[in-house]
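Notes for the one structure printed next.
Since the structure is predicted, the reported quantities are computational estimates derived from the model, not experimental observations. Protein chains get the first letters and strands the later ones, always in sequence-line order, with residue 1 at the start of each.
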Amino acid sequence: MSKPLDVRGEICPYPMMQTAQALKALAPSEHVLEVLTDHPPALDTIPAQAERLGFSARIEEAGASEWRLTLTRNDG
Amino acid sequence: MSASAPAAAPVVPPARLFTLAVLLALVAAVYVHTAGIDVTMGRFWVLGLGFGVVLQRTRLCFASAFRDVLLLGHARNLKGILVGMAVATVGFSALMTRQVPNTALGILPPEAHVLPIGLHTVVGALLFGFGMVIAGGCVSGSIYRMGEGYVASWVAFAGILGGLTAAAYTWNAWYDLAIAGAPQVWLPSLMGHGAAVVLTLILLGGLFLLASWWEHKNGMDLPEPAGRIAGAATFRGKVANGLKRVFVHGWPVLIGGALLGGLNVIAFMTARPWGFTGEVSRWGLTFMTSLGAGPGELAGVGSIPGCVLDPGSGEFLNPMLLLVTGMFAGSLFAAIAAGEFKIRIPKKQSRFVQSVAGGLIMGYGSGTAVGCTIGAFFSSVPSLGLNGWVWAVCLLAGAWLGTHALKRLP
């Protein structure tokens, strides 16, 4: 099960804060969070935060100045 | 989807290349025009462009440097800033040693940011720290994000302009209460040039270690951005990767910090160190004065260096105007080149209120404390003024309060 999180348009540091909150709130049955962001600094900070919470990150371009971060739970 | 991306796609799309060429022509035209009037203006335009490009590429945000240590537990930006100040400390010192060889005479190097320390520093830096966290960026951060297309940063900048203008109307009261009798403490006049530089470098180095330990303890060792680039098999791919490292991906923050420090040394060598708020206050005060509602005489501003409020009596076109606007242009250019420019509009209306309120608080704080994270900190510590350290401690306290407020905001 994958859960989407759209933080486009948000100002600093909400993309990072909301991602961390969403990761902590994921149900045990949910293994993937897909974050859509247009905030470049988040490409450095979200993966590190995700790793701390037990997730690995994959980044791909999702349009002009937009990126999709796929955060997958390491045990699943 | 990403697997099907063609390997032979151009590194930079033609439409973007055209926009960059037009922008470059405009930038060159401004240089030719302003350098023709005054060489320093042309140089400050180029320096401003440099600051803007480096800030955008490193995403080196001073607000996040202080905030993220508290909020996210990483010190990426703080470490870059510490390296930048170490570089500037060596460069500034070489310059100040020439300007004031004999430190026992009680003379201060005229353009160094050695500012009066008093209650106004404490209150101003606290307000600034609080405001920058609420607004999501300090003054320099807001300017470079304006270039990236963040609408909220334009709103924050309007707040900063308003706050700086408002500070002029309470300046004389602050002057009588705190600023007039406040000491300007220049470390070399206490211990000589050599000891002051060594002490500053030891403090910066110690803080760097402390910041690294803090990251390690929190499990937040951020990888450098270049680590995200996959290896390439072909030579063409390798060249494309090299270009991507410079123009698309963020730069390693320590290199960016060192570049900012180096640019600041060049700015000081050219005329004066990096700073914004004096110049931005001039825009607001010139406007108010033109309406016949100016703040009147501001006590003592002529004898205080750095980013002190500027009532705007001289020519409107001056080097500092070009430094500030150059920074915006540099960031815009770098953001377009990297494909990171986008008009970003917050979905929540409350973010606009947050940005303008944070900006107003920041603007008032920097008007009262004589500078922002750049003028009163990044240019002050290397000026070997004690004020830079006092500002940093109070700023951190303000950022801590702001972080708590931020967590409570919806």
Measuring from atom [atom1] of [X] to atom [atom2] of [Y], what distance do you get when rounded to the nearest 0.5 angstrom?
X: A:Ile11; Y: B:Phe352; atom1: CD1; atom2: CZ; answer: 9.5 Å
X: B:Arg59; Y: A:Thr45; atom1: CZ; atom2: OG1; answer: 9.5 Å
X: B:Asp68; Y: A:Met16; atom1: CG; atom2: CE; answer: 6.0 Å
X: A:Glu10; Y: B:Lys347; atom1: CD; atom2: NZ; answer: 7.5 Å

query: Minimum heavy-atom separation for A:Ser65 to B:Phe341, with atom names?
result: OG-O, 3.0 Å
Of the backbone (N, CA, C, O) and the side chain (C-beta and beyond), which part of [X] lies under 4.5 Å from a heavy atom of chain A, both, or neither?
X: B:Lys407; value: both
X: B:Ser355; value: side chain
X: B:Asn218; value: both
X: B:Leu72; value: both
X: B:Ala135; value: backbone

query: Is there side-chain contact between B:Arg145 and A:His39, with heavy atoms separated by less than 4.5 Å?
result: yes
field: B:Leu406 vs A:Met17 side-chain heavy atoms within contact, under 4.5 Å
entry: yes
Candidate pair A:Tyr14 and B:Arg351, rule side chain to side chain contact (heavy atoms under 4.5 Å, CB included), full reasoning: CA-CA 10 Å; A:Tyr14 289 104; B:Arg351 295 286 182 258; 3.5 Å; yes
message: Under 4.5 Å from any heavy atom of chain B, what part of A:Glu51 do you find: side chain, backbone, both or neither?
response: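 Contact with chain B involves no heavy atom of A:Glu51 at all.
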task: Would you mind checking which part of A:Gln18 comes under 4.5 Å of any heavy atom in chain B, side chain (CB onward), backbone (N, CA, C, O), both or neither?
output: side chain
